[in-house]
Amino acid sequence: MLDPRLLRTDLNAVASGLARRGFILDVSHIERLESERKEAQIEAERLQAERNSRSKAIGQAKARGEDVQPLLDEVASLGARMDAAKARFGAIAEQLDALMLQLPNIPHESVPDGADETGNAEIKRWGEPTRFGFEPKDHVTLGEGLNGNMDFAAGAKLAGSRFVVLKGDLARMHRALTQFMLNLHTGEHGYQEVYVPYMVNADSLRGTGQLPKFEEDLFRLDGESPYYLIPTAEVPVTNLVRDEILDLAGLPLKMVAHTPCFRSEAGSGGRDVRGMIRQHQFEKVELVQIVHPDHSFAALEELTGHAETVLERLGLPYRRMLLCAGDMGFGAAKTYDLEVWLPAQDTYREISSCSSFEAFQARRLQARFRNPEGKPELAHTLNGSGLAVGRTLVAVLENFQDEGGRIAIPEVLRPYMGGQTHLGA
RNA sequence: GGAGAGAUGGCCGAGAGGCCGAAGGCGCUCCCCUGCUAAGGGAGUACACCUCAAAAGGGUGUCGAGGGUUCGAAUCCCUCUCUCUCCGCCA
């Protein structure tokens, strides 16, 4: 959520910032609502103040043993007028709130213009795209070739399309990747590991911005309790600081969680129907930081670097993209995507997305810290995948294959796999 | 799942229709005092919003959440959520 004060004081700046995303703000509509709000609120509060003081007078008169009937008569019509004024204010405020919740974040000044992914800027490339002396196979062919250890038919039988079953050392490597990532981030990057619920309430999803706007992307449980399956660990982990006033000395807060993620993929139609790239359920190791506003963008560089280290240790070629204004997620002020090289697709594919939200989430979350003056101030939130485990598995398979379809296990994973050097060996 | 108890400020805890944004204590900040420390004395110490160019000032709301009764609700009524205790069941 944007700062409501900014909307009042500098609406045109907000409008031009949002326009960079292709979001057209109805300035005159907001101005009209805002002036109605002001008028209605003043009236409602004025009547409330009047009633409060009259009621107080009644109490005092009663205490003195005087007849209060004249005072009661005087106040009789006040209640109805007050209720009407409050109802009018409430209706306007509700409209404004609903509108506010629909507004995306304003892109940071360092974010380039652009309408879609063609406007993104490549700002770094690590490693060279893997080249083979043969036609590289895709991860589906490779995985199914490993004794059928990547089994989409089984996934479809158990659940439906966009599910997979992994078996044997393929399942083990999937787990090894998770372990490796968690150990790296906790051991070398200073993150605290957290274990969190995989189902959350609507408040949590509102806090991080998935609701109200993106309900169709979520799986909602049908039971008595209105739970949603988390689409990313960002939701439960970031919501740990909801309604908290943090100790300044405790910042930055750096947390890492490994969770499954559930996404309905509504609207992603025929995209990536083959393979493990786009599943309803996948594993992710997520990095979250809660920081002082002054350190927000330095922290983004740091966090993105942490995700990059995973790729570098695994030996996977990648590039870092700075997303343009039109391609960023709803709440992000600035986003880097990491894209890993996938030989079979002969292209880079997203494997991590790292964003600073500035105070956009913190304002919804009421996540604050106490500044040196003793006043609560909104913190900044960041998160990034470090990394998406399923896609990392795909990248390892495709980049570490040989002509016979054998897969070398990256050095850093071998300790997690009993020293094994190749899959299927 | 059954029975019961509870939710008040940073924390503990009083409060039972008006004098309550809320006693008292702890903690914290500032000041005084004792050579240092310990002890003691004094003052202060919630958050959000509105109004105002801003500050000052004024106003509104908030005692788990929402609704109701009343001129007036922390206090009475209803619904919900969460916590705790006991019983049952369970990885």
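Chain A is the first sequence line, chain B the second, and so forth, proteins listed ahead of strands; every chain is numbered from 1. Keep in mind that what you see is a predicted model, and the values were worked out from it rather than measured.
On the P atoms, C49(B) is 39 Å away from A39(B), given to the nearest whole Å. Here the separation of G42(B) from C33(B), taken at their P atoms, is 15 Å to the nearest Å. When the C1' atom is used for both G10(B) and C47(B), the distance is 12 Å, rounded to whole Å. Across the P atoms, C84(B) and G13(B) are found 16 Å apart, a figure rounded to whole Å. For the P atoms, the distance from C82(B) to C30(B) is 42 Å, rounded to whole Å. Of the P atoms belonging to C19(B) and U75(B), the separation is 14 Å, rounded to the nearest Å. Of the P atoms belonging to U8(B) and C76(B), the separation is 16 Å, rounded to the nearest Å. Nucleotides U81(B) and G21(B), compared at atom P, are 31 Å apart to the nearest Å.
Nucleotide C71(B) holds its P atom 12 Å from the CG atom of D83(A), rounded to whole Å. E377(A) has its CD atom 11 Å from the P atom of A48(B), to the nearest Å. At whole-Å resolution of the value, CG in L96(A) and P in C49(B) are 15 Å apart. With rounding to whole Å, E43(A) atom CD is found 13 Å from G59(B) atom C1'. Between the CG atom of L72(A) and the C1' atom of G18(B) there is a distance of 13 Å, given to the nearest Å. Protein atom CG of D243(A) is 14 Å distant from nucleotide atom P of G9(B), rounded to whole Å. Going from atom OH of Y227(A) over to atom P of C82(B) covers 7 Å, rounded to whole Å. In this structure, CE of M82(A) is placed 12 Å from P of C71(B), rounded to the nearest angstrom.
Between R368(A) and A46(B), a side-chain N or O to OP1/OP2 separation shorter than 4.0 Å is absent. Taking 4.0 angstrom as the limit, N52(A) places none of its side-chain polar atoms (N or O) nearer than this to OP1 or OP2 of G72(B).
The aromatic rings of H280(A) and F163(A) sit tilted relative to each other, their planes meeting at an angle between 30° and 60°. Between F369(A) and H292(A), the ring-plane angle classifies as tilted under the 30° and 60° cut-offs. Ring-plane geometry between Y195(A) and Y198(A) is classed as perpendicular, the angle between the planes exceeding 60 degrees on a 0 to 90 degree scale with a lower cut at 30.
Under the Watson-Crick or G-U wobble criterion, with both distances below 3.5 Å, A3(B) is paired with U85(B). In this structure C49(B) sits in a base pair with G59(B), meeting the Watson-Crick or G-U test at under 3.5 Å. The base-pairing partner of C33(B), taking Watson-Crick or G-U wobble contacts with both distances under 3.5 Å, does not exist among the strands shown. G44(B): Watson-Crick or G-U partner is C28(B), with both key distances under 3.5 Å. Under the Watson-Crick or G-U wobble criterion, with both distances below 3.5 Å, A39(B) is left unpaired in every strand shown. Across all strands shown, G21(B) forms no Watson-Crick or G-U wobble pair with both key distances under 3.5 Å. Of all nucleotides present, only G68(B) satisfies the Watson-Crick or G-U wobble test against C76(B), with each distance under 3.5 Å.
Here H380(A) contributes atom NE2 and D294(A) contributes atom CG; the two are 8.5 Å apart, rounded to the nearest 0.5 Å.
Contact annotation for K62(A): base contact, defined as any heavy-atom pair under 4.0 Å involving a base atom. Here I42(A) lies in heavy-atom contact (under 4.0 Å) with sugar-phosphate atoms only.
With C71(B), C47(B), C49(B) as the choices, the nucleotide that has an atom nearest any side-chain atom of R5(A) turns out to be C49(B). The side chain of Q41(A) lies closest to C49(B), out of C49(B), C71(B), C52(B). Considering only the side chain of A49(A), G59(B) comes nearest among C71(B), G59(B), A48(B). With C47(B), C71(B), C52(B) as the choices, the nucleotide that has an atom nearest any side-chain atom of I58(A) turns out to be C71(B). When the nucleotides C71(B), G59(B), C47(B) are ranked by their closest atom to the side chain of R370(A), C47(B) comes out on top.
Along RNA chain B, the nucleotide nearest R51(A) and the nucleotide nearest P4(A) are compared for position; the residue whose nucleotide lies closer to the 5' end is P4(A). Of the residues near RNA chain B, K86(A) and A57(A), the one whose nearest nucleotide (by heavy atom distance) lies more toward the 5' end is A57(A).
In this structure, the side chains of R21(A) and P107(A) come closer than 4.5 Å at one or more pairs of heavy atoms. Using a 4.5 Å cut-off on side-chain heavy atoms (C-beta onward), F89(A) and R37(A) make contact.
Surrounding CD of E109(A) are at most 12 heavy atoms belonging to other residues, nucleotides or ligands under 6.0 Å away.
Salt bridge status for R46(A) with E50(A): present, with a side-chain N to carboxylate O gap under 4.0 Å.
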